[in-house]
Protein chains: 2
Amino acid sequence: MSAPLPAIRALPSWLLGRAAARGRALVAEALAAEGMKMWHHVVLSAVADLGPVAQAELGRSIGLDPKDLVGVLNDLQTSGLVVRAPDPGDRRKNAVSLTAEGERVLRSCETAALEANDVLMAPLSASEREQFMGLLIRISGTDG
Amino acid sequence: MSAPLPAIRALPSWLLGRAAARGRALVAEALAAEGMKMWHHVVLSAVADLGPVAQAELGRSIGLDPKDLVGVLNDLQTSGLVVRAPDPGDRRKNAVSLTAEGERVLRSCETAALEANDVLMAPLSASEREQFMGLLIRISGTDG
DNA sequence: CGAGAATCGTTGGGAGTCCCAACGGTAGGG
DNA sequence: CCCTACCGTTGGGACTCCCAACGATTCTCG
């Protein structure tokens with residue numbers, strides 16, 4: 001259709017950026033209906049998976065800067081979705097936990113995010129999606 | 001290794017974001033040696049592919065906002081890599097073209113970007129890379 | 001036990017990405 | 001001729017990602 005841009009289109013980094021931008025936009029739009037941002041959802045999900053967890057470990061597990069994590073947690077705590085409790089075993093740490101409301105909102109976010117990802121992956125068949133995810137995990141540097 | 005985050009890791013949008021961030025960081029580091037940013041390289045490459053081209057079409061072809069394109073072109077023109085000439089056929093348009101120096105720098109950027117992408121795709125075999133690129137193109141919404 | 005290194009949460013700062021609205025100038029269609 | 005549409009430009013703003021430093025606390029090792 002549009003003029004081909006062979007040089008730049010042949011770069012995986014370029015295509016990854018475009019695809020990620022598309023995915024981000026779709027998910028952001030879906031989460032906006034819940035009044036949530038991408039990182040709010042991610043942090044909420046990580047807290048649910050890790051249980052009561054210190055902020056530093058939380059940030060490391062999702063690759064979020066501690067500085068930004070403070071802001072996200074402030075928002076989530078103000079909204080009553082998480083609580084920060086002092087860790088009696090290590091007074092430097094805050095044990096972050098989900099509230100019941102947090103669990104509820106998390107489920108809404110997960111539904112919205114899944115639907116958005118379905119739109120994102122629509123061009124691919126089920127087996128292709130699985131294939132794609134397998135390759136993507138190895139590229140993302142999320143493991144190891 | 002680290003605690004699994006099944007919920008968030010199962011989202012293609014999340015993995016795409018992580019992979020794209022990794023790719024961006026690698027390419028940015030490689031281009032920094034040439035004193036270039038990602039968009040500088042992309043614009044330079046697009047100008048080379050499209051020949052003398054108006055800014056609006058340039059921006060559309062690479063998905064860059066006209067506002068940001070102005071800044072990039074200003075930088076490139078100041079560095080003597082591109083020239084903006086008034087289009088005699090349509091006085092609204094600027095015909096953007098590469099200079100000889102621009103072509104030289106573009107080649108350096110392409111080499112650097114290719115090497116960075118090689119590092120990015122290192123976990124995948126040659127055939128897997130091809131497979132991945134095919135799927136990625138359809139996800140990115142770059143075609144059609 | 002005591003001094004130094006390391007980690008915790010927090011604050012501050014900054015570059016880069018992505019998108020929207022509005023302006024004067026120019027071109028095309030009715 | 002007038003209205004619409006496009007051009008390049010300017011201004012603004014939200015979000016992402018990363019680095020440096022601080023006081024408080026814990027750990028390590030002599």
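In what follows, every chain begins at residue 1, and chains take the letters A, B, ... in the order their sequences are listed. Predicted model, so just to flag it, every value in this text is computed and none were measured.
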What's the [atom1]-[atom2] distance between [X] and [N], to the nearest Å?
X     : N      : atom1 : atom2 : result
A:D87 : D:dT25 : CG    : C1'   : 12 Å
B:R22 : D:dC17 : CZ    : P     : 15 Å
A:E57 : C:dG9  : CD    : C1'   : 15 Å
B:L31 : C:dG16 : CG    : C1'   : 14 Å
B:L58 : D:dC6  : CG    : P     : 18 Å
B:E29 : C:dA15 : CD    : P     : 19 Å
A:L69 : C:dT7  : CG    : P     : 18 Å
A:H41 : D:dT16 : NE2   : C1'   : 18 Å

Review point. With the threshold set at 4.0 Å, does a side-chain nitrogen-carboxylate oxygen contact exist between B:R104 and B:E101?
Key: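 Yes, charged N to carboxylate O under 4.0 Å.
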
Heavy-atom pair with the smallest gap, counting every atom of [X] and [Y]:
X     : Y      : result
A:A19 : B:I139 : CB-CG2, 3.9 Å
B:T99 : B:G80  : OG1-O, 2.7 Å
B:A46 : B:I62  : CB-CG2, 3.7 Å
B:W39 : A:R18  : CH2-NH1, 3.9 Å

Review point. Counting any heavy atom closer than 4.0 Å, what does A:A54 reach on the DNA or RNA strands: base, sugar-phosphate only, or nothing?
Key: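 Sugar-phosphate: the residue A:A54, judged by heavy atoms under 4.0 Å, touches backbone atoms but no base.
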
Review point. Can you pull the salt bridge (charged side-chain N to carboxylate O under 4.0 Å, His left out) pairs that have at least one residue in residues 21-35 of chain A, sequence neighbours excluded?
Key: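 Qualifying pairs, neighbours excluded: none.
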
Exercise for review: If a pair satisfies salt bridge (charged side-chain N to carboxylate O under 4.0 Å, His left out) and one of its residues is in residues 121-130 of chain B, list it, with sequence neighbours excluded.
Suggested key: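 Every pair satisfying salt bridge (charged side-chain N to carboxylate O under 4.0 Å, His left out) with a residue in residues 121-130 of chain B: A:R138-B:E128, B:D118-B:R129.
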
Review point. What parts of residues 90-97 of chain B reach DNA chain C, counting only heavy atoms under 4.0 Å away?
Key: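 Heavy-atom cutoff 4.0 Å gives B:D90, B:R91, B:R92.
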
Point to revise | Helical bend (five base pairs per end, nearest 10°) for the helix from C:dC1-D:dG30 to C:dG30-D:dC1 | key: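 Rounded to the nearest 10 degrees, the bend comes out at 20°.
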
Any N/O pairs under 3.5 Å between the protein and nucleotides 19-24 of chain C? List them or say none.
{"residue": "C:dC20", "atom": "N4", "partner": "B:D65", "partner atom": "OD2", "Å": "3.1"}

Point to revise | Proximity to the side chain of A:R60 - top-ranked nucleotide from C:dT11, D:dC17, C:dC8 | key: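 Given the options C:dT11, D:dC17, C:dC8, the side chain of A:R60 is closest to C:dC8.
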
Quick one: is [X] getting a side-chain N or O under 4.0 Å of the [N] phosphate, OP1 or OP2?
X     : N      : answer
A:Q55 : C:dT10 : yes
A:R84 : C:dC8  : no
B:R24 : C:dG16 : no

For a quick test of your reading: what N or O donor-acceptor pairs under 3.5 Å do the side chains of residues 67-76 of chain A make, sequence neighbours left out?
{"residue": "A:N74", "atom": "OD1", "partner": "A:R84", "partner atom": "NH2", "Å": "2.1"}
{"residue": "A:N74", "atom": "ND2", "partner": "A:V70", "partner atom": "O", "Å": "3.3"}
{"residue": "A:D75", "atom": "OD2", "partner": "A:H40", "partner atom": "NE2", "Å": "3.2"}

